[in-house]
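Only one structure is covered here, and it is reproduced in the block below.
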Amino acid sequence: MTAYDRIYAITRQIPYGHVATYGQIAELADYPRQARLVGYALYRITPEQNIPWHRVINAKGEVSHSVLRHGTDYLQRHLLEQEGIEFTPAGKISLSRYQWQPHKM
DNA sequence: GCCATGACGGAGC
DNA sequence: TGCTCCGCCATGG
């Protein structure tokens, strides 16, 4: 059981049509302030793990860009739009409207 | 076991 | 409003 497993477990709980931020995932996984680990964990995800990685975005409500992703950022946006999530002309998502509200507090 | 890295966050300028 | 810098820490070489 690695830190990644916890992060993946949380990520799988994000409901359809909703999104969560890296920091939020980190916090729920009991790793506050470790948003970077979340990004690193998602980077190492394999398709077989069946994880809705596209529902994880940064605190700004945007899809993060990275050359390491080989264009999957574009795919992420596409997948989110298919779930009914709207992007602003600036390419951002309204967190106040789509952010996942977990029961935990 | 040390060192660099990483899909981030947020404070500061 | 937007860019830069630093912290944070598990993972891999």
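Convention: sequence-line order gives letters A, B, ...; per-chain numbering from 1.
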With side chain to side chain contact (heavy atoms under 4.5 Å, CB included) as the test, would you mind laying out the steps for A:R36 and A:Y22 before giving the verdict? CA-CA 8 Å; A:R36 309 183 68 187; A:Y22 294 95; over 6 Å; no
NZ or CZ of A:R44 within 45° of A:Y4 ring axis and under 6.0 Å: no
Identify, residue by residue, the members of residues 49-63 of chain A with a heavy atom below 4.0 Å from DNA chain B, and return them in order of residue number, or none. A:W53, A:N58, A:A59
A:L95 CG to B:dC8 P, in whole Å, measures 15 Å
Got a list of protein N/O to nucleotides 11-13 of chain B N/O distances below 3.5 Å?
none

Would A:W53 and A:L79 count as a side chain to side chain contact (heavy atoms under 4.5 Å, CB included) if you check the C-alpha gap in whole Å, the side-chain angles of each, and the deciding distance to 0.1 Å? CA-CA 10 Å; A:W53 55 270; A:L79 292 171; 4.1 Å; yes
Straight-line distance of A:I51 CD1 to A:I10 CD1, nearest 0.5 Å: 11.5 Å
Determine whether more than 12 heavy atoms belonging to other residues, nucleotides or ligands lie under 6.0 Å from atom CZ of A:R33. no
Answer yes or no: does atom OH of A:Y43 have more than 12 heavy-atom neighbours from other residues, nucleotides or ligands under 6.0 Å? no
A:H54 vs A:L75, side chain to side chain contact (heavy atoms under 4.5 Å, CB included): CA-CA, chis, key distance, verdict: CA-CA 8 Å; A:H54 58 280; A:L75 171 63; over 6 Å; no
Nearest-0.5 Å distance that lies between atom CD in A:E62 and atom CG in A:L95: 9.5 Å
Does the side chain of A:V38 reach to within under 4.5 Å of the side chain of A:Y31, using non-hydrogen atoms? no
Could you point out which residue of A:D30, A:L28, A:I25, A:T11 forms a side chain to side chain contact (heavy atoms under 4.5 Å, CB included) with A:R6? A:D30
Between protein and nucleotides 6-13 of chain C, map the contacts as a letter string: B base, S sugar-phosphate only, - none, heavy atoms under 4.0 Å, written 5' to 3'. -BBBSSS-
